[in-house]
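This structure is a prediction, so every number in the text was calculated from the model and none was measured.
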Amino acid sequence: MGIVLAIDSGTTSTRVIAFDDHAKIQHIEQQSLPLHHPYPDWVEQDPNDIWSKTHDCLNATIDAVGALNIASIGITNQRETSIVWQKSTGTALGPAINWQCRRTASRCAELSEHANLIKQKTGLPLDAYFSASKFEWHINNTPDVQALLDRLDLCFGTVDAWLLWNLTQGQSYATDVTNASRTMLFDIHTCQFEQELCDLFGIPLGTLPK
């Protein structure tokens, strides 16, 4: 079958692990990822740091095992951490808002009348832990995001979508159902992002990954 590479983009480090046909580890590269706390209960990271360290670990692992020996690459990641970037340029806008961040807790409290709808469609409680209110925060607070949103020149994604975008040089804007289900915008019954939920947070459906 060949070597399988696992990109493990975690909260405090990024790793790339090479497994052989017998699931034995052949090589590991790892770099730490710092967390930033600009205010109490705020937790954020640098999206470019997440990508560059993943890129470095990936290249070092490929050099170690040989590109022609690699059969496939998979991604596992911190799921609810939320990133916004310009679609036409791939430029990250503002910080990656970490899953631990509570900056949108008061906003979620304001939306409490919609908690049952959200739970019914997504299976999740209405909480700042998930991505939807983090994306909305970027719209309201991060420079240029609203203007780019008006032009539909914007991408909202979790870490997997950000990495896949960069790995494919913008050719693939996609996620999978397990990551999508942690955004609080995804209907677990239809396995699609849901218009009513997107409208609740002011996020156009077309700005979310396939």
Side-chain angles (χ1 to χ4, degrees), residues 7-12 14 33 35-47 50-51 75-85 87 92-142 145-146 148-149 154-165 173-210:
I7 296 173
D8 176 10
S9 184
T11 302
T12 58
T14 187
L33 288 172
L35 295 169
H36 307 291
H37 305 270
Y39 301 103
D41 295 328
W42 286 38
V43 188
E44 57 189 42
Q45 293 172 288
D46 181 348
I50 292 173
W51 162 238
I75 300 173
T76 182
N77 57 281
Q78 47 170 322
R79 292 185 181 273
E80 298 82 9
T81 295
S82 305
I83 301 171
V84 180
W85 65 98
K87 189 173 187 178
L93 303 166
I97 303 179
N98 187 267
W99 59 271
Q100 301 169 91
C101 187
R102 303 299 299 171
R103 74 183 65 184
T104 61
S106 61
R107 174 57 176 153
C108 288
E110 292 173 0
L111 295 170
S112 59
E113 65 182 279
H114 303 285
N116 288 338
L117 170 71
I118 290 170
K119 183 65 178 290
Q120 178 185 8
K121 289 182 177 291
T122 70
L124 303 175
L126 171 59
D127 195 87
Y129 180 89
F130 306 106
S131 303
S133 62
K134 301 181 191 335
F135 293 149
E136 184 189 48
W137 188 93
H138 274 298
I139 294 171
N140 295 326
N141 295 278
T142 300
V145 167
Q146 182 63 67
L148 292 171
L149 185 66
L154 202 67
C155 295
F156 294 100
T158 45
V159 171
D160 63 310
W162 170 243
L163 292 179
L164 187 58
W165 175 277
Y173 181 38
T175 185
D176 78 316
V177 295
T178 67
N179 282 287
S181 72
R182 306 300 287 177
T183 62
M184 215 162 60
L185 300 170
F186 186 79
D187 190 324
I188 58 174
H189 308 287
T190 64
C191 285
Q192 299 290 332
F193 288 114
E194 212 278 335
Q195 184 70 62
E196 188 174 9
L197 297 174
C198 289
D199 290 344
L200 190 60
F201 293 95
I203 299 167
L205 198 61
T207 60
L208 294 169
K210 179 179 178 181

- prompt: So, do His36 and Val43 sit near enough that their side-chain heavy atoms are less than 4.5 Å apart?
  reply: no

field: Thr142 side chain near Val84 side chain, heavy-atom distance below 4.5 Å
entry: no

message: So, taking the atom named OH in Tyr129 and the one named OG1 in Thr104, what distance separates them when rounded to the nearest 0.5 Å?
response: 13.0 Å

- prompt: Side-chain contact, heavy-atom cut-off 4.5 Å: Ile50 with Thr14?
  reply: no

message: Do Leu93 and Leu154 have side chains that approach each other closer than 4.5 Å (heavy atoms only, starting at C-beta)?
response: yes

- request: Verify, without hydrogens or angle tests, whether Gln100 (side chain) and Trp42 (backbone) share a donor-acceptor contact under 3.5 angstrom.
  value: no

- prompt: What is the minimum heavy-atom distance between Leu197 and Thr122, and which atoms define it?
  reply: CD1-CG2, 3.5 Å

query: Do Lys119 and Asp127 meet the salt-bridge criterion of a basic N to acidic O distance under 4.0 Å?
result: no

message: Within this structure, what is the CG-CD1 distance for the pair Leu163 and Ile75, rounded to the nearest 0.5 Å?
response: 5.5 Å

- line: Asn141 meets the side chain to side chain contact (heavy atoms under 4.5 Å, CB included) criterion, sequence neighbours left out, with Trp137

query: Could you give all pairs that pass the side chain to side chain donor-acceptor pair (under 3.5 Å) test and reach residues 193-205, with sequence neighbours left out?
result: Lys121-Glu194, Gln195-Asp199

- prompt: How close do Arg102 and Ala128 get, heavy atom to heavy atom, and via which atoms?
  reply: NH1-CB, 3.8 Å

field: salt bridge (Lys or Arg N to Asp or Glu O under 4.0 Å) between Arg103 and Glu44, intermediate numbers included
entry: CA-CA 10 Å; Arg103 74 183 65 184; Glu44 57 189 42; 2.7 Å; yes

query: Rounded to the nearest 0.5 Å, how far does CD of Gln192 lie from CG of Leu208?
result: 11.5 Å

message: I'd like to check Asn98 versus Gln78 (side-chain heavy atoms, cut-off strictly below 4.5 Å). Are they in contact?
response: yes

field: Minimum side-chain heavy-atom gap Pro95-His138 below 4.5 Å
entry: yes

field: ring-ring contact (aromatic ring centres under 6.0 Å, His included) pairs, two or more places apart, involving residues 189-210
entry: Phe186-Phe193

- request: Using ring pair (Phe, Tyr, Trp, His ring centres under 6.0 Å) as the criterion, point out the one residue from Phe156, Trp85, Trp162 that pairs with Tyr173.
  value: Trp85

message: For the CG atom of Leu200 and the CD atom of Glu136, what is their distance to the nearest 0.5 Å?
response: 8.0 Å

- prompt: Rounded to the nearest 0.5 Å, how far apart are CZ of Arg107 and OG of Ser112?
  reply: 10.5 Å

message: side chain to side chain donor-acceptor pair (under 3.5 Å) for Thr175 and Asp160? Distances and angles first, verdict last.
response: CA-CA 7 Å; Thr175 185; Asp160 63 310; 2.7 Å; yes

statement: Scanning both residues in full, the closest heavy-atom pair of Ile83 with Ala96 reads CG1-CB, 3.6 Å

query: So, for Leu149 and Pro204, which heavy atoms are closest and what is the spacing to 0.1 Å?
result: CD1-CD, 3.4 Å

message: Is it the case that the side chain of Thr81 and the backbone of Trp99 share a donor-acceptor pair, with hydrogens and angles ignored and the cut-off at 3.5 Å?
response: yes

query: What heavy-atom pair brings Ala92 and Pro47 nearest, and what distance separates the two atoms?
result: CB-CB, 3.8 Å

- line: To the nearest 0.5 Å, atom CG of Leu124 lies from atom CD1 of Ile118 at 9.0 Å

task: Can you see which heavy atom on Cys198 is nearest to which on Leu205, and at what distance?
output: SG-CD1, 3.6 Å

- prompt: With a 4.5 Å limit on heavy-atom distance, are the side chains of Ser131 and Thr158 in contact?
  reply: yes

field: Arg79 and Thr178: side chain donor to acceptor below 3.5 Å
entry: yes

message: If you define the side chain from C-beta out and look only at heavy atoms, does anything of His37 sit under 4.5 Å from Leu35?
response: yes

